[in-house]
Amino acid sequence: MPSPVRCRMIRTRLIDALRAALAESGVEPLPATIEIGRPARAEHGDWSSNVALVCAKAASRRPRDLAQDLVERITARPPAHVRRVEVAGPGFVNFHLDHGWLHDVLRQVIAEGVAGYARHDFGAGTAVNVEFVSANPTGPLHVGGGRWAAYGDTLCNILARCGYAPHREYYLNDRGRQMDAFAESLIARREGVEPPDDGYHGDYIGEWAAEMPGDADAGEWGYARARRDVAESLARLGVRFDTWSSERELVRSGAVDAALATLRDRDAAYDADGAVWLRSADGGDDKDRVLVRSDGEPTYLLPDIAYHADKLARGSHLLIDVWGADHHGYVERLTAGFCALGNRREQLEIVLGQLVTVMRGATEAKISKRAGNLVLLDDLVDLVGADAARMTFLLQSLASRQTIDLDVVAAQSMENPVFYVQYAHARVCSLAATAAERGIERPPLAEVPLGALDQARELAVLRTLHALGDVVGEAARERAPHKLTTWVRELAGAFHGFYHDCPVLRSDVAPPLRAARLWLTEATRIGLVIALELLGVSAPERMDTLTPDDAEEAVE
RNA sequence: GCGCUCGUAGCUCAAUUUGGACAGAGCGUCUGACUACGGAUCAGAAGGUUGGGGGUUCGAGUCCCUCCGAGCGCGCCA
C-alpha cells in the first residue's frame with residue numbers, strides 16, 4: 001500500500017488545482033500538459049506556473065487577467081500547504097507554501113530510502129544496449145577513453161534506476177588493417193627495428209614486444225595483451241562490461257554474410273566497380289558507401305551493420321552507441337544501413353561526445369596510439385585516484401570539449417569536487433558515530449516534530465533533496481549523467497551550510513530539534529549515497545585528515 | 001569548399017534539446033567566521049553587452065537568419 005506521502009506529491013496537487021481552475025474559468029481546450037516549476041528567486045514563491053501565459057492567446061484573454069482569475073479560484077479552495085497564490089510579472093501564477101511540503105519530502109526520502117527514493121519506472125523494463133569505449137584492441141586505453149567509460153557506465157546506472165534493463169557492451173574491432181599494423185609493429189620491435197611508418201609507435205609496443213614469448217603469434221598475443229590491459233584499466237575505474245563483442249566472431253559466425261544477404265534482398269546493396277555498395281544516400285547519407293571492397297574484404301561498415309543487428313537479435317530493444325565526435329561523419333551511413341535492414345530509426349541512438357584534449361603543461365599530448373607520446377587512463381588514475389578521475393570525467397556535458405591538463409589535475413587534485421561531496425558524506429557518518437558514542441538515539445520519525453525544521457539552511461537541504469527525482473529522470477531521458485554530478489555538488493553544498501549553521505549534537509540543542517536534525521542528516525545521507533552510487537564514486541565514512549605534508553606529496 | 005559540433009565571469013564549467021522572471025557554481029583574487037558535530041567547511045566582495053549583428057515572441061543564453069572564431073569530419077581506413 002503506497003504511503004499517503006508518496007501518492008500525493010505536491011507537484012501533482014498544484015497541477016490538479018491549476019487544471020481545475022482553468023476548466024472552471026472556461027479555458028478550452030485545456031493544455032495537454034501544465035508546467036510548474038520551482039523559481040530561482042524566493043520572492044517568486046515556492047512553485048510557479050506559466051499556464052496563464054501559455055493559454056492566454058487561445059483563450060483570448062490577457063495573461064494577467066487569466067492568471068488573476070486562476071488565483072482567485074485556487075484561493076477559494078487552496079490545496080494542502082498552500083498559503084498564498086498570486087499573480088506576478090507578465091502573468092505567472094506563484095504559489096507560496098508553508099514548510100510542511102518540505103517536511104513531507106523528508107518523510108518520503110526516509111520512507112523510500114536508498115533503494116527506493118528517486119527511482120522511476122518509465123523505462124518499463126526496456127532492454128537497452130549501451131556500447132561505449134570500444135577502442136581498438138591495439139594498445140592500452142588512453143585518457144580520452146576514460147571519458148566514455150565513466151559516461152557509459154554511469155548512464156547505465158541511471159537508466160537502471162529509471163526502470164530500463166541496461167547492458168554494457170564493448171565492441172572489439174579485432175580484424176582488419178589496424179590489427180595487422182599492430183602485429184607488424186610488435187614483430188618489428190621484437191626484432192629491434194623501427195615499426196613501419198603506418199604502424200604503432202607508442203612506447204608500450206617496445207615494452208610489450210619484450211614480454212612476448214619468441215614463438216608467440218604476434219597478432220594473437222598482442223590482441224590478448226591489449227584486451228587484458230584495457231579491461232584492467234576500466235576495472236580500476238569501476239567499469240565492467242557485460243559483453244565484449246568481437247568483429248572477427250561476427251565474420252566467423254556468418255552474421256556478416258547474413259547481413260549482406262539481407263541488404264541485397266531488400267535492394268539496399270548493389271555491385272559496382274568490383275565492390276559492393278550500400279544505398280546509404282537513400283537513407284540520408286551524402287553518398288553511397290562501400291560494404292565490400294573490390295579485393296573481397298568487407299570494410300568496417302558492413303560488420304558494424306551486422307553487429308547492430310546482432311545486438312537487437314540478442315534481445316535489446318534500444319541501442320545506444322557512445323562515439324567520439326571524430327566519428328560523426330559515420331553516423332548517417334551506419335543509420336542508413338541499420339534502417340535498410342528493416343529496423344526503426346528510433347531503435348538506434350548515437351550519442352556523440354567531444355574529444356578530450358590532454359595537456360602536459362603547455363604541450364598537447366597526442367591521443368593516437370600510433371603516434372606515441374600517449375597519456376594513459378592509468379596515468380590519470382595513478383595521479384588522482386579512481387574517484388577523482390571518474391568525477392572529473394562526469395563534471396561536464398559530453399557536448400563540451402574537455403581539456404585535462406595533467407599538471408593542473410595533479411596540482412589541484414585535493415580540490416577535486418569529489419572530495420567536497422565525499423566530505424559531506426563523511427560528516428554525516430561522523431555525526432552518526434558521535435551520536436552513537438553518546439548514546440543518542442533517533443526517535444521514530446513519526447514522533448519527531450519536523451515543524452522544528454524552519455531554518456533557511458534546513459529547508460535548502462530539503463528543497464535539494466526534493467529535486468533528486470527530477471534530476472535522475474532528466475539525466476536518463478537526456479542521456480546526461482553530468483546533471484547528477486551537478487546535483488550532488490549542490491546537495492553537498494546545502495549540507496555543508498546546514499552543518500555549519502545548525503548544530504545537531506551540541507548540548508544546547510533541545511532533544512526534539514536534535515531529533516529532527518538527525519533525521520535531516522539521515523535523509524541527506526540517503527541522497528548522497530544514491531547519487532554517488534549512480535556516479536560510481538565511493539562514499540567513504542571518513543576521510544583522512546589532510547596535513548600540509550600530504551598536500552605537498554600529492555603534488556609531487 | 002561542403003557538413004557536423006561548439007563559443008557563457010580571469011580560468012574550468014552549469015543552465016540550451018522542452019523559450020520564462022534579475023544568467024548560476026567551482027577555481028583564482030580580496031575580506032571575514034570555530035576553545036562544543038571533522039576548517040577537505042562556511043559567509044561576504046569584486047568579476048558578464050551569454051563571440052558580433054539582425055529576426056520571431058508578452059518574454060531569447062535557449063528558436064530562425066547572417067557574420068566571426070575554434071574543433072572534428074568529408075577514403076574501396078578504422
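By convention in this document, chain letters (A, B, ...) are assigned in the order of the sequence lines, proteins followed by strands, and residues within each chain are numbered from 1.
Taking atom CG of A:L291 as the reference point, atom P of B:A78 lies 12 Å away to the nearest angstrom. Atom P of nucleotide B:A14 and atom CG of A:D470 are separated by 20 Å, given to the nearest angstrom. Following rounding to the nearest Å, A:W323 (CH2) and B:C4 (C1') show an atom-to-atom distance of 13 Å. Rounded to whole Å, the distance from NE2 on A:H500 to P on B:G32 is 16 Å.
Using a 4.0 Å cut-off on heavy atoms, the residues of residues 51-68 of chain A that approach RNA chain B are A:L53, A:K57, listed by number.
Mapped onto RNA chain B by nearest heavy atom, A:R177 and A:A399 fall at different nucleotides, with A:A399 at the one closer to the 5' end.
Considering only side-chain N and O atoms, A:Y330 lies nowhere under 4.0 angstrom from the phosphate OP1 or OP2 of B:G3. Side-chain N/O atoms of A:S430 include one lying less than 4.0 angstrom from OP1 or OP2 on B:G38. The shortest distance between the side-chain N/O atoms of A:R289 and the OP1/OP2 oxygens of B:C74 is not below 4.0 Å. Listed pair A:Y300 / B:A78 fails the phosphate criterion, with no side-chain N or O lying under 4.0 Å from OP1 or OP2. An OP1 or OP2 oxygen of B:C77 is reached within less than 4.0 angstrom by a side-chain nitrogen or oxygen of A:R293. At least one side-chain nitrogen or oxygen of A:K483 sits closer than 4.0 Å to the OP1 or OP2 atom of B:A15. For A:R41, no side-chain nitrogen or oxygen approaches OP1 or OP2 of B:A21 to under 4.0 Å. Side-chain N/O atoms of A:Q396 include one lying less than 4.0 angstrom from OP1 or OP2 on B:C13. An OP1 or OP2 oxygen of B:G71 is reached within less than 4.0 angstrom by no side-chain nitrogen or oxygen of A:T357. Within the 4.0 Å cut-off from OP1 or OP2 of B:A15, at least one side-chain nitrogen or oxygen of A:H482 is found.
Taken together, the paired segments of RNA chain B that extend over three or more consecutive Watson-Crick or G-U pairs, each closer than 3.5 Å at both contacts, are B:1-7 with B:68-74, B:10-13 with B:24-27, B:29-33 with B:41-45, B:51-55 with B:63-67.
Side-chain polar atoms of A:N173 and A:E247 form a donor-acceptor pair below 3.5 angstrom.
For residues 467-477 of chain A, every residue pair satisfying the salt bridge (charged side-chain N to carboxylate O under 4.0 Å, His left out) rule, not counting sequence neighbours, is listed here: A:R11-A:D470, A:E474-A:K483.
For A:H328, counting side-chain heavy atoms from C-beta on, the closest listed nucleotide (B:C74, B:A40, B:C4) is B:C4. Taking every side-chain heavy atom of A:H496 into account, B:U41 is the closest of B:A21, B:G73, B:U41.
Checking A:L534, A:T154, A:L394 one by one against A:T485, the side-chain contact (heavy atoms from CB on, under 4.5 Å) holds for a single residue, A:L394.
Nucleic acid contact class of A:C502 (heavy atoms, under 4.0 Å, all strands): base.
Side-chain rings of A:W148 and A:H327 stay apart, their centers remaining 6.0 Å or farther from each other.
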